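So you know, we letter chains A, B, ... as the sequences are listed, proteins then strands, and number each from 1. On a predicted model such as this, the values are computed, not experimentally measured, just so you know.
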Number of protein chains: 2
Amino acid sequence: MGAEAAVTQLRRGAVEHCVLALLEDEERYGYDLVHELTAAGLVASEGTVYPLLSRLRKDDLVATVWRDSPAGPPRRYYALTRPGQRALDDFRVAWTGFAAAVETILHRKHQEDR
Amino acid sequence: MGAEAAVTQLRRGAVEHCVLALLEDEERYGYDLVHELTAAGLVASEGTVYPLLSRLRKDDLVATVWRDSPAGPPRRYYALTRPGQRALDDFRVAWTGFAAAVETILHRKHQEDR
DNA sequence: GGCACTACCTTGCGCCGCAGGGTACTTCGA
DNA sequence: TCGAAGTACCCTGCGGCGCAAGGTAGTGCC
């Protein structure tokens with residue numbers, strides 16, 4: 001697995017909660033999220049985001065409403081629910097522990113130093 | 001996906017390179033790696049590690065030798081190869097970028113603060 | 001009319017962690 | 001002597017998700 005492929009695998013499980021984090025302050029629509037996540041390097045295509053949003057909706061972590069766009073097709077807006085907020089809070093804790101574990105191993109001092 | 005399940009997904013792609021990092025200074029054997037990775041919370045069972053080690057060997061990122069154990073069955077020791085070291089170096093860079101992206105989104109300031 | 005952009009969505013593939021199960025050797029106490 | 005516990009290696013099947021690729025419409029401009 002190359003470093004690129006490894007990052008693809010890392011995204012699993014992270015993207016989902018990053019979406020929740022993006023919805024923490026304001027409702028947003030899918031196409032907008034696609035652009036932001038792509039720019040951040042967290043997804044590679046729409047094919048990741050839309051199925052993910054469907055899952056979040058099915059699990060009641062987000063709620064949706066259709067709104068007309070000033071120009072173009074209508075947009076489906078997503079907003080964080082109470083359970084969604086809880087899931088996000090839990091993940092922040094889990095992420096911190098995970099990232100710390102990886103970094104401890106990745107940057108551990110070489111024992112023979114000095 | 002709960003926070004636990006999310007971490008399970010996060011491990012994909014990270015565990016592999018953590019193994020390479022553990023081999024950076026010294027050769028080690030599988031059972032030993034299983035214990036260390038389990039203690040670090042990076043794997044949940046042997047069923048993750050042994051197939052992973054086989055993949056690394058197939059891709060020439062590690063080289064192996066059998067050595068007798070002072071007590072018990074013989075051990076297969078794994079050592080980092082040149083390509084393995086390169087893969088590890090690449091991953092450290094990739095990880096840094098990925099972790100930064102996640103943390104930027106996860107802990108971004110709430111715009112309406114103040 | 002045709003092209004580009006916006007905005008939604010689906011299907012199939014491939015990959016990997018995990019649970020669970022299996023083999024075999026050594027040691028040690030009953 | 002026999003069996004349990006520990007060491008050490010391994011495999012198979014399942015499930016879940018990111019991705020590539022492709023599909024459907026509505027809007028606006030030339």
Should [X] be listed as having a side-chain N or O under 4.0 Å from OP1 or OP2 of [N]?
| X | N | result |
| --- | --- | --- |
| A:Arg55 | D:dC17 | yes |
| B:Tyr29 | D:dA8 | yes |
| A:Thr48 | D:dC19 | yes |

Please report the distance, rounded to the nearest Å, between [atom1] in [X] and [atom2] in [N].
| X | N | atom1 | atom2 | result |
| --- | --- | --- | --- | --- |
| B:Leu53 | C:dC18 | CG | P | 14 Å |
| A:Arg28 | C:dC8 | CZ | C1' | 17 Å |
| B:Asp68 | C:dC25 | CG | C1' | 12 Å |
| B:Leu33 | D:dC10 | CG | C1' | 15 Å |
| A:Arg12 | D:dC17 | CZ | P | 8 Å |
| B:Arg57 | D:dC11 | CZ | C1' | 14 Å |
| A:Leu42 | D:dC17 | CG | C1' | 15 Å |
| A:Tyr77 | C:dT6 | OH | P | 14 Å |

(message) Quick check: closest heavy atoms across A:Val43 and A:Val34, and the distance to 0.1 Å?
(response)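 Scanning both residues completely, I find the closest heavy atoms to be CG2-O, 4.3 Å.
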Consider the side chain of [X], meaning its heavy atoms from C-beta on, and name the nucleotide among [options] that approaches it most closely.
| X | options | result |
| --- | --- | --- |
| A:Ser45 | C:dG17, D:dC19, C:dA7 | D:dC19 |
| B:Val43 | C:dC8, C:dC18, D:dG15 | C:dC18 |
| A:Ser54 | C:dT10, D:dG15, C:dC8 | C:dT10 |
| B:Pro73 | C:dA24, C:dG17, C:dA7 | C:dA24 |
| A:Ser69 | C:dA7, D:dC9, C:dC16 | C:dA7 |
| A:Tyr31 | C:dA7, C:dC16, D:dC19 | C:dA7 |

What does [X] touch in the nucleic acid at a heavy-atom separation under 4.0 angstrom: a base, only the sugar-phosphate, or nothing?
| X | answer |
| --- | --- |
| A:Pro51 | base |
| A:Arg75 | sugar-phosphate |
| B:Gly30 | sugar-phosphate |

Distance-only, no hydrogens or angles: does the [X] side chain make a donor-acceptor pair with backbone N or O of [Y] under 3.5 Å?
| X | Y | answer |
| --- | --- | --- |
| B:Arg11 | B:Gly41 | yes |
| A:Thr48 | A:Ala44 | no |
| B:Arg76 | B:Gly30 | no |
| A:Thr81 | A:Asp60 | yes |

(request) Fit a plane to each ring of A:Trp95 and A:Phe98, take the angle between them on a 0 to 90° scale, and name the class: parallel (under 30°), tilted (30 to 60°) or perpendicular (over 60°). (result)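 The arrangement is tilted - the two ring planes meet at 30° to 60°.
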(request) Check the pair B:Leu53 / B:Leu33 against side chain to side chain contact (heavy atoms under 4.5 Å, CB included), numbers first and verdict last. (result) CA-CA 10 Å; B:Leu53 289 170; B:Leu33 292 169; 4.1 Å; yes
(message) Taking the nucleotide of DNA chain C with the nearest heavy atom to each, does A:Ala71 or B:Arg11 sit closer to the 5' end?
(response)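 Closest to the 5' end, via its nearest nucleotide, is A:Ala71.
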(request) Name the residue closer to the 5' end of DNA chain C, choosing between A:Met1 and A:Glu46 according to the nucleotide with the nearest heavy atom. (result)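 Closer to the 5' end of DNA chain C: A:Glu46.
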(request) Work out how much the helix from C:dG1-D:dC30 to C:dA30-D:dT1 bends between its end axes, five pairs an end, to the nearest 10 degrees. (result)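 Here the local axes at opposite ends form an angle of 10°.
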(request) By nearest nucleotide on DNA chain D, pick out whichever of B:Tyr50 and A:Gly72 is the more 5' one. (result)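 Checking each residue's closest nucleotide, the 5'-ward one belongs to B:Tyr50.
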(message) Less than 4.0 angstrom from a charged side-chain N to a carboxylate O is my criterion; do A:Glu24 and B:Arg108 meet it?
(response)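 Not counted as a salt bridge, because no side-chain N and carboxylate O are separated by less than 4.0 Å.
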